[in-house]
Participant: 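Let me give you the structure first, and then I'll get to my questions.
Each chain gets a letter, A, B and so on, in the order its sequence line appears, and its residues count up from 1.
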There are 2 protein chains.
Amino acid sequence: MRRTNLKDVAARAGVSIRTVSNVVNTPEIVAEPTRQRVLEAIEELGYRPNVAARQLRQGRGGAIGLVVPEIDSPYFAELAALVVREAEALGWTVLIEQTDGDAARERQLLDGARGQGVDGVIFSPWAMTAEEVSRSAMAPPVVMLGEQPGMGSVDRVAIDNRGAAREAVEHLLATGRTRIAAVGLQPHLSNETAEQRLGGYRAALEAAGLATDPELEVPVERLHHPEGMTAMARLLDLATPPDAVFCFTDQLALGAIRTCADRGVRVPEEVAIVGFDDIEPARYAVPALTTVAPDKHRLVELTLATLQARMAEPSLAGRDLVVPHRLVVRESAPAPTG
Amino acid sequence: MRRTNLKDVAARAGVSIRTVSNVVNTPEIVAEPTRQRVLEAIEELGYRPNVAARQLRQGRGGAIGLVVPEIDSPYFAELAALVVREAEALGWTVLIEQTDGDAARERQLLDGARGQGVDGVIFSPWAMTAEEVSRSAMAPPVVMLGEQPGMGSVDRVAIDNRGAAREAVEHLLATGRTRIAAVGLQPHLSNETAEQRLGGYRAALEAAGLATDPELEVPVERLHHPEGMTAMARLLDLATPPDAVFCFTDQLALGAIRTCADRGVRVPEEVAIVGFDDIEPARYAVPALTTVAPDKHRLVELTLATLQARMAEPSLAGRDLVVPHRLVVRESAPAPTG
DNA sequence: CCGCTAGTTTGCAACGTTGCAAGACGCTGC
DNA sequence: GCAGCGTCTTGCAACGTTGCAAACTAGCGG
């Protein structure tokens, strides 16, 4: 049993196939009685336009690609949910791809997604730099989500990672902590975001007249709970353990808290912990996590608006857009007393 | 600048357009030197097949739809990650849609996704029953993920929710708990899954010779942290609070733990808590959550295999497949002592 | 009564690909 | 030398849709 197409509807309604198409796409130019008749036929036969044909004819198919490292990290899952919701409002469907943060895979997917007949791509890179992306950028428009300004012709939407990191560390300093660790550098990747956050961390220390201590800057392979756990263990094993830890993601932070629980180290009394991303589990953790909250809603909204703008006018210069963030103070690093 | 197509490549390689198509699809029937020449041309021009045209011609386009209530719930995010990964291995792209568990939206998307030119749909319903789905089932094959057996012609893949719930409660009973609450019924939805879990809960109590107490069966609007928090608060306010709580999702359970922390109620000493789904945050929570862990990998694997089978042979009878699960015992409801 | 216009409807072609079946080519064997 | 065969290549049509421009209809003024 074939799917009903324009021809079927046209036959049923006793009009030409073209008229049916008009009813679907430009109802206002069709005379009322005809329109009614056609609509009935559409209803009765359950006609749905064939996206493939439409896409073939018009060149666009109403789908965008969302390319993220891993959809199962709460941060990306939350973004994806917003993207899907917002995209739907714009009449787009969302096609998801995972890169696992692998450079080769990022490159491949960035090309592949283009082939997959998407009209645009939202790309959240871990390994590729903005410059690389802009060099590879060809057919459909790309907007980079969460990557920091640089040079290149690609649009980017992100928060001020450096400033946010600095604020987080300043918050810790304000509560009297002086030995503050940073967890989350990724020297093996060219992860611009991590570098920005490290920069903010160092800047805050420096401004407070504190020396940076390589021992306190813990690199990690990935940004998940287990790495947070081992990093924290390593820090607690130092001759002089830190009295605060700034983690570059909430997952690292939650892992760190877990290790503290295992070792009977009290948070925040003995170690204060700050995360980054404000994922949902952080809100309900025990202790609830103090963290940097990007305005995710605005982030996604702007990303889609930018993508839309670029789809309409592909020759625009690359824009760098900054979205607000705020430090959400919770139990793991409470506000200064007094 | 147009995208390069078969014609361009054909011209470049000095062969017919059909031969290029053959090189791409059935390389083995093309003579070696020709093949080489064509491959070079493809490389030089950066040719990528046009999915829309291919889909129009062949009727399938290598995309499947994943329809879930909310992609940002860790449970669904984790499933989605697996689906995308597995699907890729099968040469499919995944298109994501969110229903918010709304019945109208579920129906609409189930029809819409069909129109969206997907070859098959993985559907995780909250509001629609299996029967409803099978009635609406038309064009592309559908596999229901996480929904319990019933009657209908649709394939379903799920764990034994009833049995799993029963095991969870039996575990609590084995540790000497006698006043066990259940959190997660959704009387306002026809959520078959919740009913199965409630059934398992009651069966375990009954088998232990304990009466069910309506006070201890807490309905919730949604299955998230906040509802877990208020449900727990309500339970703690009872004249005789429970000594254990079985939550139908990990998010409810984590919310419940959070409320206990707020009130200074010790988990598991005063109240043991068991969740359901084994989402990642549950593993690193403090206390770590005892929970029912569906074999997600197998779940997704089987779902895709089933979808594939049905796509190959649409007339097959609906199958009900059960995937293994296990109770993961952690701190929030530890193993019986001794 | 006819030409003209505005308002509707229609036919043709094309988007890029692949199924089908026929065509071209070079060899083998008689 | 030619039929016959196997190997490789090609042309045509069609998938369902929409852009374009022409065609039709009715109503109007001249």
Side-chain angles (χ1 to χ4, degrees), chain A residues 1-39 41-42 45-63 91 93 114-119 139-140, chain B residues 1-39 41-42 45-63 91 93 114-119 139-140:
Chain A
M1 197 171 118
R2 234 179 60 267
R3 254 187 55 177
T4 67
N5 57 21
L6 284 183
K7 196 147 85 180
D8 302 329
V9 179
R12 173 82 165 202
V15 295
S16 84
I17 171 183
R18 197 62 187 73
T19 296
V20 181
S21 171
N22 284 336
V23 170
V24 174
N25 296 292
T26 47
E28 66 276 11
I29 74 163
V30 180
E32 184 56 23
T34 317
R35 206 172 62 82
Q36 280 310 330
R37 204 143 33 91
V38 171
L39 285 178
I42 287 180
L45 299 177
Y47 168 75
R48 295 277 177 283
N50 179 318
V51 209
R54 191 174 265 183
Q55 170 164 0
L56 177 58
R57 186 66 242 258
Q58 320 196 102
R60 25 190 197 83
T93 346
R114 304 163 184 298
Q116 285 310 331
V118 295
D119 305 341
Chain B
M1 197 173 114
R2 234 180 59 270
R3 252 186 56 176
T4 67
N5 56 22
L6 284 182
K7 196 146 88 182
D8 302 329
V9 178
R12 174 80 164 202
V15 296
S16 85
I17 172 185
R18 197 61 188 75
T19 296
V20 181
S21 170
N22 284 335
V23 170
V24 175
N25 297 291
T26 45
E28 66 276 11
I29 75 162
V30 180
E32 185 56 21
T34 317
R35 205 172 64 82
Q36 280 309 330
R37 204 143 33 89
V38 171
L39 284 178
I42 287 180
L45 299 176
Y47 167 75
R48 296 277 178 282
N50 179 317
V51 209
R54 193 174 263 186
Q55 170 166 359
L56 178 57
R57 186 64 243 256
Q58 320 195 98
R60 35 200 184 77
T93 346
R114 304 163 184 297
Q116 284 311 331
V118 296
D119 305 342

Participant: Tell me the closest heavy-atom pair linking B:Ala53 and A:Leu56, and the distance in Å.
Facilitator: CB-CD1, 3.8 Å

Participant: When you match B:Arg37 and A:Asn22 each to their closest nucleotide on DNA chain D, which lands nearer the 5' end?
Facilitator: B:Arg37

Participant: Ignoring hydrogens and geometry beyond distance, is the side chain of B:Arg2 in donor-acceptor contact with the base of C:dG16 at under 3.5 Å?
Facilitator: no

Participant: Residues from residues 9-16 of chain A sitting under 4.0 Å of DNA chain D, heavy atoms only?
Facilitator: none

Participant: Return the value, rounded to whole Å, for the distance between atom CZ of B:Arg3 and atom C1' of C:dT17.
Facilitator: 12 Å

Participant: To the nearest Å, give me how far apart CZ (B:Arg35) and C1' (D:dT7) are.
Facilitator: 16 Å

Participant: Give a yes/no on whether any side-chain N or O of A:Thr19 is located under 4.0 angstrom from OP1 or OP2 of C:dT10.
Facilitator: yes

Participant: Does the C:dG19 base have a donor-acceptor partner in the side chain of B:Arg18 within less than 3.5 Å?
Facilitator: yes

Participant: For B:Arg35, is the CZ atom crowded, meaning more than 12 foreign heavy atoms sit under 6.0 Å from it?
Facilitator: yes

Participant: Should B:Asn50 be listed as having a side-chain N or O under 4.0 Å from OP1 or OP2 of C:dG16?
Facilitator: no

Participant: Where the side chain of B:Arg48 meets the backbone of B:Arg3, is there a donor-acceptor pair that is under 3.5 Å apart?
Facilitator: no

Participant: Can you identify which nucleotide, out of C:dT9, D:dC15, D:dT9, has its nearest atom closest to the A:Val30 side chain?
Facilitator: C:dT9

Participant: Apply the side-chain contact (heavy atoms from CB on, under 4.5 Å) test between B:Leu39 and each candidate in B:Thr34, B:Val23, B:Val24; give the one that qualifies.
Facilitator: B:Val23

Participant: Taking for each residue the nucleotide of DNA chain D with the nearest heavy atom, is it A:Leu6 or B:Ala31 whose nucleotide lies nearer the 5' end?
Facilitator: B:Ala31

Participant: Can you tell me if the side-chain N/O atoms of A:Asn25 get under 4.0 Å from OP1 or OP2 in D:dT18?
Facilitator: yes

Participant: Under the 3.5 angstrom rule, does the side chain of B:Thr93 hit a backbone N or O of B:Gly62 as a donor-acceptor pair?
Facilitator: yes

Participant: Looking at C:dT17, D:dG16, C:dT18, which one has an atom nearest to any side-chain atom of B:Ala53?
Facilitator: C:dT17

Participant: Looking at D:dT18, I'd like to know if its phosphate oxygens (OP1 or OP2) sit under 4.0 Å from a side-chain N or O belonging to A:Arg54.
Facilitator: yes

Participant: Please determine if a side-chain N or O atom of B:Thr34 lies less than 4.0 Å away from the OP1 or OP2 oxygen of D:dT9.
Facilitator: yes

Participant: Between A:Leu56 (CG) and C:dT18 (P), how many Å, whole number?
Facilitator: 12 Å

